[in-house]
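Just below is one structure, and these are the notes that go with it.
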There are 2 protein chains.
Amino acid sequence: MDDTVQWLSSEEQRDWRAFIRLHQKLTSRLGADLQAKSGLSGADFEVLVALTDVPEGRVRFQELAREIDWEQSRLSHQIRRMIKRDLVAREECAEDGRGAFVVITSHGREAIEAAAPPHVETVRRVFLDHVTTAELRTLGQISQRIVDRLDQDRS
Amino acid sequence: MDDTVQWLSSEEQRDWRAFIRLHQKLTSRLGADLQAKSGLSGADFEVLVALTDVPEGRVRFQELAREIDWEQSRLSHQIRRMIKRDLVAREECAEDGRGAFVVITSHGREAIEAAAPPHVETVRRVFLDHVTTAELRTLGQISQRIVDRLDQDRS
DNA sequence: ACCTAGTTCTTGACGTGTCATCTATCTAGT
DNA sequence: ACTAGATAGATGACACGTCAAGAACTAGGT
């Protein structure tokens with residue numbers, strides 16, 4: 001009917017679409033499951049995990065953004081919402097008057113500690129249980145390689 | 001400092017995170033590129049591609065939602081926004097008083113035909129160029145297998 | 001004909017993400 | 001000290017996605 005739209009070969013299209021579709025399904029499943037079991041969004045979870053990886057659960061905005069590979073303003077909005085729910089707090093920075101710290105609160109720590117185990121279980125159930133160790137390694141290697149190249153030339 | 005959060009083995013964690021990170025980067029790159037070059041969002045693009053695959057560019061909401069694997073209400077919101085921009089139109093359904101059709105407009109057709117070639121080129125540049133044919137096949141197969149299993153048990 | 005249950009799509013509220021823009025502060029060069 | 005430019009973060013506008021609830025209609029049993 002309409003052959004004017006250039007596209008990929010049918011094999012490329014099939015594989016590429018499957019890949020994209022998998023990601024959509026994984027993130028929507030994981031997000032819904034996390035929300036239902038813990039009242040945390042995927043975004044909350046990512047921020048809180050990053051904060052538990054850091055001394056005193058306290059880190060500059062900038063560094064946190066780099067750590068989880070988010071845009072600055074995205075993080076700023078997210079932190080504002082999380083402060084309202086007492087998951088994190090904002091602290092002024094003495095050394096640099098422009099800067100600020102994000103600190104995990106005790107409530108935030110409780111939330112992430114309660115959320116993590118069932119979430120990990122879900123990651124296994126929806127993903128890890130369906131791939132072999134070798135396949136996972138292959139996926140990881142390919143992913144890492146492409147991520148590195150994308151980080152190099154941000155064309 | 002804090003060992004109470006259960007997590008994955010370090011290999012699992014590394015590979016799983018790389019996989020997730022790759023998807024995030026791909027979708028954000030592709031989305032930004034599409035928006036910049038065509039003024040279409042990824043969501044617009046997906047809907048328009050699905051409409052060009054169908055006779056007369058005309059399909060029931062329900063079927064379209066199933067085709068692109070979206071929730072009904074997500075599609076409804078998206079179509080409302082696209083109607084405002086004259087990319088698609090809504091038509092009543094004679095056979096079923098509840099139902100409705102989505103139809104691509106001529107403006108919508110022009111938009112997708114202009115957007116597709118550069119978008120495909122970008123997909124190659126950010127993804128396909130970085131994997132071998134064999135790797136792509138592997139990715140596709142693994143993805144398809146997991147998608148199928150997730151579709152089976154929606155636990 | 002009626003009533004109940006299911007289907008199809010819509011809507012409002014709300015959290016999320018991007019972009020452009022703004023303010024405050026720091027740094028470097030003079 | 002002064003000033004220009006860079007940097008840190010906040011903010012407003014707007015698109016996107018989910019959830020829960022609702023409106024309109026259909027279908028199937030009585």
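Each chain gets a letter, A, B and so on, in the order the sequences are listed, and its residues count up from 1.
The salt bridge (charged side-chain N to carboxylate O under 4.0 Å, His left out) search around Arg66(B) returns none, not counting sequence neighbours. With sequence neighbours excluded, no residue satisfies ring-ring contact (aromatic ring centres under 6.0 Å, His included) with Trp70(B). For Arg80(A), there are no salt bridge (charged side-chain N to carboxylate O under 4.0 Å, His left out) partners, not counting sequence neighbours. Partners of His23(B) according to the ring-ring contact (aromatic ring centres under 6.0 Å, His included) rule, which considers only residues two or more places apart in sequence or in another chain, are Phe19(A), His23(A), Phe19(B).
dC25(D) atom C1' lies 11 Å from atom CZ of Arg60(B), rounded to whole Å. Rounding to whole angstrom units, CG of residue Asp69(B) and P of dT18(D) are separated by 10 Å. Rounded to whole Å, the distance from CG on Leu64(B) to C1' on dT10(C) is 16 Å. When rounded to the nearest whole Å, the span between CD of Glu92(B) and P of dT8(C) equals 16 Å. Between the CD atom of Glu71(B) and the P atom of dC9(C) there is a distance of 15 Å, given to the nearest Å. Distance Leu34(A) CG to dT18(D) P: 15 Å, rounded to the nearest Å. In this structure, Asp96(A) places its CG atom 11 Å from C1' of dT27(C), rounding to the nearest Å.
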Verify salt bridge (charged side-chain N to carboxylate O under 4.0 Å, His left out) between Arg85(B) and Asp44(B), making sure each step is shown before the conclusion. CA-CA 11 Å; Arg85(B) 291 158 58 214; Asp44(B) 297 332; 3.1 Å; yes
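Each of Glu95(B) and Gln72(A) lies near DNA chain D, and the nucleotide nearest Gln72(A) is the one positioned closer to the 5' end.
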For nucleotides 3-7 of chain D, which of its nitrogen or oxygen atoms have a protein nitrogen or oxygen under 3.5 Å away, and what is each distance?
residue, atom, partner, partner atom, Å
dT7(D), O2, Arg98(A), NH1, 2.9

Considering only nitrogen or oxygen atoms on both sides, find all protein atoms under 3.5 Å from nucleotides 13-17 of chain D and state each distance.
residue, atom, partner, partner atom, Å
dC16(D), OP1, Ser41(B), OG, 2.7
dC16(D), OP2, Arg81(B), NE, 2.7
dG17(D), OP1, Arg74(B), NH2, 2.8
dG17(D), OP2, Arg74(B), NE, 3.4

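For Lys37(A) and Asp33(A), the salt-bridge test passes: some basic side-chain N is under 4.0 Å from an acidic carboxylate O. Under 4.0 Å is where a charged nitrogen must lie from a carboxylate oxygen, and between Asp69(A) and Lys25(B) at least one such pair does.
Comparing dT10(C), dA10(D), dT18(C) by their closest approach to the side chain of Ser28(B) singles out dT18(C).
One N or O donor and one acceptor, one from the side chain of Ser73(A) and one from the base of dC19(C), sit under 3.5 Å apart.
The closest side-chain donor-acceptor pair between Asp148(B) and Gln152(B), if any, does not fall under 3.5 angstrom.
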